[in-house]
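Both ligands and their constituent atoms are indexed starting at 1 by order of listing. Basis for what follows: all heavy atoms, side chains included, without hydrogens, waters or symmetry-related copies.
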Amino acid sequence: MYSGPAVRIIVMTEIPKTHPRYESLVLREKLVEGFRSGIAAPQGLIAHGRGEMFYYLLGERTTKEARAACRAAAALLLQAERPVISVNGNVAALCPREIVRLAEAASARIEVGLFHRSDERVSMIRKCLEDNGAKGVLGFLPDARIPGLESMRGLCSKEGIYSADVVVIPLEDGDRAGALSKMGKKTIAVDLNPMSRTSRCATVTVVDEVTKALPEIVRSIEDLEDDPAGVKRALKAYDRDANLAAVMAVMSKNLGSL
Ligand code: PTJ
């Protein structure tokens with residue numbers, strides 16, 4: 001019988017590429033890895049499961065509604081003067097490179113903003129983003145507060161979220177999304193749940209899996225960056241509530257046909 005010190009058994013599951021749900025399982029592994037390294041909060045695993053459920057109802061694909069929302073998001077970012085991308089543990093674990101690419105394309109700052117905040121997690125997430133090419137990541141030394149928010153998520157940086165005009169909020173909690181809107185900021189949510197408070201209060205809501213949504217926003221920025229008329233058209237064509245209703249119709253149709 002083993003009598004040595006306690007050991008932590010780490011099991012990395014190898015996913016065969018031929019598995020029909022390969023991509024989904026790889027995302028799970030990334031998040032579990034993020035949790036083990038301390039980047040993602042344990043609560044993040046639960047939030048991911050909720051997202052997976054909505055993604056399943058969507059048919060695990062990018063809808064035309066998501067593409068239209070990404071185009072509107074790109075237009076909003078191109079019009080912004082002080083855009084900021086807010087990053088939490090799940091987003092850092094799933095797609096740090098995509099965050100950095102979006103920040104470059106949109107000339108945006110990156111700020112770490114955590115619900116389950118600890119200095120250790122903030123600095124691990126900052127390091128993870130820097131390892132993927134990020135520069136000047138904000139959030140480690142917050143010097144401002146979002147009015148009306150008691151949670152740790154209310155802490156922010158004056159130079160970043162506090163003075164931003166457009167904030168990208170992937171996988172956000174509803175309280176902060178609402179508080180940012182009350183501050184007069186335009187927000188871009190990425191959330192697989194079209195019914196969440198965040199989805200219903202953001203200026204633009206992309207209902208898609210975050211690792212798919214961020215590159216699609218980058219593609220739209222590249223497409224629209226020298227096209228001011230296209231930027232205006234993308235914003236005019238986008239109606240958040242109609243877009244969310246169409247996404248919910250896709251989900252109910254999929255449910256009905258299963
Ligand atoms: O890292 P922290 O401490 O800031 O905590 C991060 C979590 C995600 C735990 C925290 O923000 C949280 O509790 O979020 P919520 O309120 O559960 O909201 C997360 C939303 O994101 C839910 O509506 C999910 O359906 C959705 N979601 C989860 N995974 C994805 C997703 N949307 C897009 N892509 C995903 N991969």
Side-chain angles (χ1 to χ4, degrees), residues 21 23-58 60-63 65-66 69-70 73 85-96 98-99 102 110-126 128-129 139-140 142 146 149 151-156 161 167-180 187-202 204-217 244 247-248 251:
R21 307 204 53 259
E23 280 191 26
S24 171
L25 296 179
V26 167
L27 283 187
R28 265 193 196 177
E29 287 302 310
K30 279 192 181 178
L31 197 65
V32 168
E33 194 42 41
F35 164 65
R36 284 186 178 127
S37 70
I39 285 179
Q43 295 85 343
L45 300 175
I46 300 170
H48 187 78
R50 185 145 55 129
E52 278 187 347
M53 187 274 289
F54 285 106
Y55 199 30
Y56 200 81
L57 289 180
L58 261 185
E60 292 182 312
R61 66 187 175 85
T62 297
T63 60
E65 289 75 19
C70 285
I85 305 167
S86 177
V87 176
N88 65 24
N90 282 42
V91 176
L94 291 176
C95 50
E98 287 82 351
I99 287 285
L102 178 60
I110 301 176
E111 179 164 339
V112 180
L114 302 183
F115 190 73
H116 310 282
R117 188 187 166 96
S118 72
D119 285 350
E120 201 190 356
R121 278 188 69 220
V122 177
S123 63
M124 285 181 83
I125 292 170
R126 180 174 64 178
C128 162
L129 292 165
F140 187 67
I146 300 170
L149 260 196
S151 70
M152 297 288 244
R153 263 245 164 122
L155 296 175
C156 67
I161 288 176
V167 190
V168 184
I169 46 171
L171 283 62
E172 180 69 45
D173 73 274
D175 284 354
R176 193 173 72 144
L180 289 171
T187 50
I188 296 167
V190 179
D191 191 331
L192 277 161
N193 177 2
M195 288 164 271
S196 73
R197 280 180 304 150
T198 300
S199 290
R200 287 182 288 119
C201 85
V204 171
T205 299
V206 180
V207 183
D208 200 358
E209 208 288 313
V210 66
T211 64
K212 296 280 181 334
L214 300 185
E216 181 65 25
I217 299 175
L244 291 178
V247 170
M248 284 188 261
M251 289 181 174

> Where does R117 meet ligand 1, judged by heavy-atom distances below 4.0 Å: at the side chain, the backbone, both, or neither?
Replying inline: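 Neither; nothing of R117 gets under 4.0 Å from ligand 1.
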
> Is the closest side-chain donor-acceptor distance between T211 and E209 under 3.5 Å?
Replying inline: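 There is such a pair (donor and acceptor under 3.5 Å, judged by atom type) between the side chains of T211 and E209.
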
> Among side-chain atoms of S24 and R21, is any donor-acceptor pair under 3.5 angstrom?
Replying inline: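 Yes, side-chain donor-acceptor contact under 3.5 Å.
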
Would you confirm whether [X], through its side chain, and [Y], through its main-chain N or O, come within 3.5 Å as a donor-acceptor pair?
| X | Y | value |
| --- | --- | --- |
| N90 | G44 | yes |
| S86 | V168 | no |
| R200 | M195 | yes |
| N88 | L171 | yes |

[atom]: nearest protein contact (heavy atom, Å):
| atom | answer |
| --- | --- |
| atom 18 (O) of ligand 1 | E172 O, 3.6 Å |
| atom 4 (O) of ligand 1 | F115 N, 2.8 Å |
| atom 6 (C) of ligand 1 | N88 ND2, 3.7 Å |
| atom 11 (O) of ligand 1 | L171 O, 3.4 Å |
| atom 33 (C) of ligand 1 | D208 O, 3.4 Å |
| atom 28 (C) of ligand 1 | A47 O, 3.2 Å |
| atom 36 (N) of ligand 1 | E209 OE2, 2.6 Å |
| atom 23 (O) of ligand 1 | D191 OD1, 2.8 Å |

Are [X] and [Y] close enough for a salt bridge, meaning some N to O gap below 4.0 Å?
| X | Y | result |
| --- | --- | --- |
| E33 | R28 | no |
| E172 | R176 | yes |
| D173 | R153 | yes |

Which of the ligand 1 atoms, numbered from 1, are nearer than 4.0 Å to a heavy atom of [X]:
| X | value |
| --- | --- |
| G44 | 9 (C) |
| L94 | 36 (N) |
| G89 | 1 (O) |
| N193 | 23 (O), 25 (O) |

Geometric N/O contact [X] with ligand 1, under 3.5 angstrom:
| X | value |
| --- | --- |
| L192 | yes |
| Q43 | no |
| D173 | no |

>> For T205 versus A69, what's the shortest heavy-atom pair and its separation?
In response: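 Smallest interatomic distance, heavy atoms only, reads O-CB, 3.3 Å.
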
> Is there a side-chain hydrogen bond (donor to acceptor under 3.5 Å, both in side chains) between T198 and D191 once you walk through the steps?
Replying inline: CA-CA 8 Å; T198 300; D191 191 331; 4.6 Å; no

>> My understanding is that we take every heavy atom of each candidate and find the minimum distance to atom 1 (O) of ligand 1. Doing that for R153, R121, H116, M152, which one comes out nearest?
In response: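 The residue whose heavy atom sits nearest atom 1 (O) of ligand 1 is R121.
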
